[in-house]
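To find a chain, count down the sequence lines: A is the first, B the second, and so on, and within it residues start at 1.
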Protein chains: 2
Amino acid sequence: MEDDKRTVRAVGRALDVLLCFTGKSDWGLSEIANQVGLHKSTVHRLLATLEDRGFVIRDEGTEKYRLGLRVLELSSSQSRPNDPSVVLLPEMERLRDQLGETVSLYVRDRTERVRIQAVQSEQAIRRVAPVGARLPLSVGASSKVLLAFAEPSVQSAALADPAWPQTLDKETYARQLDDIVDSGYSTSFEEREPGAAAVAAPIFNRAGKLVAALAVSGPSNRLTPEVMHNQAAFIMEAARRMGALLG
Amino acid sequence: MEDDKRTVRAVGRALDVLLCFTGKSDWGLSEIANQVGLHKSTVHRLLATLEDRGFVIRDEGTEKYRLGLRVLELSSSQSRPNDPSVVLLPEMERLRDQLGETVSLYVRDRTERVRIQAVQSEQAIRRVAPVGARLPLSVGASSKVLLAFAEPSVQSAALADPAWPQTLDKETYARQLDDIVDSGYSTSFEEREPGAAAVAAPIFNRAGKLVAALAVSGPSNRLTPEVMHNQAAFIMEAARRMGALLG
DNA sequence: AACACAGTTTCATAGAGTGAAACGAGGGAC
DNA sequence: GTCCCTCGTTTCACTCTATGAAACTGTGTT
């Protein structure tokens, strides 16, 4: 409400329209208008602008809107040299082969986390982990790692976020984070998703700054607490090696 | 100029700001203002809005702007099931192994073409082909394929585009396109980039609609006109198989 | 110290964006 | 066939938003 004056309303609305396309690829005009809470005619103009610049296209046949190729163009020009998601990929594959489970790489983005890289397990039952997925910073092994080793200001900002689940007891949570700092890794067992479990360790760059969380995840019947405890040493070792690869 | 009334100026400007980040990842405020021809304060507000929604972030250290992770999120939710870029990937790898050169997949986007998928040659000297790259629809083997087999309205729109090179003789070009329709493939020899050559063939879906161009490209000393002529049959055969994989 | 340059904020004004309403175009239902 | 519902498109008067000049702050350079 305070920095609304520093932003441009029409642009913010257009970006909100664009963000509709995460999770659902085909949208009708009225559908979007309903979703973002704007008038049809307003959304129509915003979409016309987005379409003009190639950010959305209209499916021929069904007249529905869909993301355009400008998005691909942007994202491909996003990755810079010594980008963690490409530099660390070989090490992630090595760890996947060593443990046989899906390996993911997460970074914090404000009060959420984003999976910036993943290599899938090759087992029949495996964790599928789409790159680019945005997840809450509250639950899950990687979330706790990203918070436990973050600066205090980051922690308090995350807890103050309206999206933070009110059901979590903050004291218990804080103690859990302390334990993670002590042990150097974090686990989660059916915490965010039923049937899934994960181990995560922090990756620090050479300057000692937390840059990402390395996570190994799989079905909870394979990744029992004992198994995860045994894997933790390997994961921390891999995370250490990865940190050395970063600027 | 005509449909400017149907679009939202501020949004268009914001998207133009966003598009600065294709080709150069780090931008200062004044730099962007200069690039897009807007006032500093205007760009400042647009960037604040883009930052608020996570489309750009500011590098800590250098205060420069850079693309945010929302872009990754969007692009990853872009690929739909039976998307050519994933369905055709195995066939592209097969062709790469068969011919030993870089294989690219292009689609037309208005009056340009975009590389939506690529598999790199494994030779020491190879064509590097970043996915997402946007190229002119005038020159290059794939361009000519995408135009030759397109509907007449598409062809005339491309020729009428202000970006179309005035140096090309339209009659010679039209004859060239006719030849491509007859032979079923297209070649280019140091046409767009010095030292590079390519062969391309059209991919039609089951309904007979042109959906993409399949291109094999490499250094011009390996891909001589004779070599490319010999490879053409394999490429057309691969393109035919790929078309059968599409809806 | 003086300067140059980048980013930020303020503010009066113009005109751009807004949303209600009307319009036109399918597409079922009956 | 008609009616009706819904979707996308267009118009238009009004308000409030976006704009850009200018002032301001901060940082590094000469």
Engineer: L38(A) has an atom CG; how far is it from atom P of dT18(C), in whole Å?
Structural biologist: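 It is 8 Å, rounded to the nearest whole Å.
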
Engineer: Should E112(A) and R70(B) be marked as a salt bridge (charged side-chain N to carboxylate O under 4.0 Å, His left out) after you check the CA-CA gap, both sets of side-chain angles, and the distance that decides it?
Structural biologist: CA-CA 11 Å; E112(A) 297 174 306; R70(B) 270 272 145 69; 3.8 Å; yes

Engineer: If you compare every side-chain N and O of R45(A) against the phosphate oxygens of dT9(D) (OP1, OP2), does one of them come in below 4.0 Å?
Structural biologist: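 False: R45(A) side-chain N/O out of range (4.0 Å or more) of dT9(D) OP1/OP2.
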
Engineer: Would a 4.5 Å heavy-atom cut-off, applied to side chains only, mark L47(B) and Y65(B) as touching?
Structural biologist: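 L47(B) vs Y65(B): side chains touch.
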
Engineer: Figure out the CD/P separation between Q35(A) and dC7(D), and round it to whole Å.
Structural biologist: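 It works out to 15 Å between those atoms.
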
Engineer: Using only side-chain N and O atoms of R9(B), determine if any of them is under 4.0 Å from OP1 or OP2 of dA18(D).
Structural biologist: no

Engineer: Return the CZ to CD distance between R127(A) and E193(A), rounded to the nearest 0.5 Å.
Structural biologist: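 CD of E193(A) is found 5.0 Å from CZ of R127(A).
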
Engineer: Please determine if E31(A) and K24(A) form a salt bridge, counting it only when a charged side-chain N lies under 4.0 Å from a carboxylate O.
Structural biologist: yes

Engineer: When the aromatic ring centroids of F204(B) and F149(B) are compared, is their separation below 6.0 Å?
Structural biologist: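 Centroid distance F204(B)-F149(B): below 6.0 Å, so yes.
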
Engineer: Rounding to a whole Å, what distance do you find between N34(A):CG and dG8(D):C1'?
Structural biologist: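 One finds 15 Å between C1' of dG8(D) and CG of N34(A), rounded.
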
Engineer: Please tell me whether R113(B) and S143(B) have a donor and an acceptor in their side chains that are separated by less than 3.5 angstrom.
Structural biologist: yes

Engineer: List the protein contact pattern of nucleotides 22-30 of chain D with one symbol per nucleotide (5' to 3'): B for base contact, S for sugar-phosphate-only contact, - for none; contact means a heavy-atom distance under 4.0 Å.
Structural biologist: ---------

Engineer: Quick one: are V36(B) and C20(B) in side-chain contact, heavy atoms under 4.5 Å?
Structural biologist: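 They are in side-chain contact.
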
Engineer: Is any side-chain N or O of R6(B) closer than 4.0 Å to OP1 or OP2 of dT18(C)?
Structural biologist: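 For dT18(C), OP1/OP2 do not have a side-chain N/O of R6(B) under 4.0 Å.
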
Engineer: Which residues within residues 14-26 of chain A lie with some heavy atom under 4.0 Å of an atom in DNA chain D?
Structural biologist: none

Engineer: Just compare dT9(D), dT8(C), dC7(D) and give me whichever is closest to any side-chain atom of L29(A).
Structural biologist: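 Minimum distance to the L29(A) side chain belongs to dT9(D).
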
Engineer: What's the closest nucleotide to the H44(B) side chain, out of dT19(D), dC7(D), dT9(C)?
Structural biologist: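 Of all the options, the side chain of H44(B) is nearest to dT9(C).
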
Engineer: Under 4.0 Å from OP1 or OP2 of dT19(D): is there any side-chain N or O of T42(B) that close?
Structural biologist: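 False: T42(B) side-chain N/O out of range (4.0 Å or more) of dT19(D) OP1/OP2.
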
Engineer: Which nucleotide sits closest to the side chain of L46(A): dA18(D), dT18(C), dT9(C)?
Structural biologist: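 The answer is dT18(C), which lies nearest to the side chain.
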
Engineer: Between atom CG in L47(A) and atom C1' in dG8(D), what is the gap in whole Å?
Structural biologist: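 Value for this atom pair: 11 Å.
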
Engineer: Under the criterion salt bridge (charged side-chain N to carboxylate O under 4.0 Å, His left out), I'd like the reasoning laid out for E60(A) against R66(A): C-alpha separation, chi angles, the key distance, then a yes or no.
Structural biologist: CA-CA 11 Å; E60(A) 5 187 12; R66(A) 171 174 302 173; over 6 Å; no

Engineer: Kindly indicate, with the supporting measurements, whether the criterion side chain to side chain contact (heavy atoms under 4.5 Å, CB included) is fulfilled by L18(A) and L50(A).
Structural biologist: CA-CA 8 Å; L18(A) 206 51; L50(A) 289 168; 4.2 Å; yes

Engineer: Just how far, in rounded Å, is P of dG8(D) from CG of D59(A)?
Structural biologist: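 From D59(A) CG to dG8(D) P: 13 Å.
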
Engineer: Please round to the nearest 0.5 Å and tell me the distance separating atom CD1 of I203(B) and atom CD of E91(B).
Structural biologist: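 That separation rounds to 9.5 Å.
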
Engineer: Please state how far atom CD in E63(B) lies from atom C1' in dC5(C), giving the value in whole angstrom units.
Structural biologist: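 Atom-to-atom, E63(B) to dC5(C), this comes out as 15 Å.
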
Engineer: Nearest to the S30(A) side chain among dG7(C), dT19(D), dC7(D), which nucleotide is it?
Structural biologist: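 Selected nucleotide: dC7(D).
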
Engineer: Quick one: on DNA chain D, does A10(A) or W27(A) contact a more 5' nucleotide (nearest heavy atom)?
Structural biologist: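 Closer to the 5' end of DNA chain D: W27(A).
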
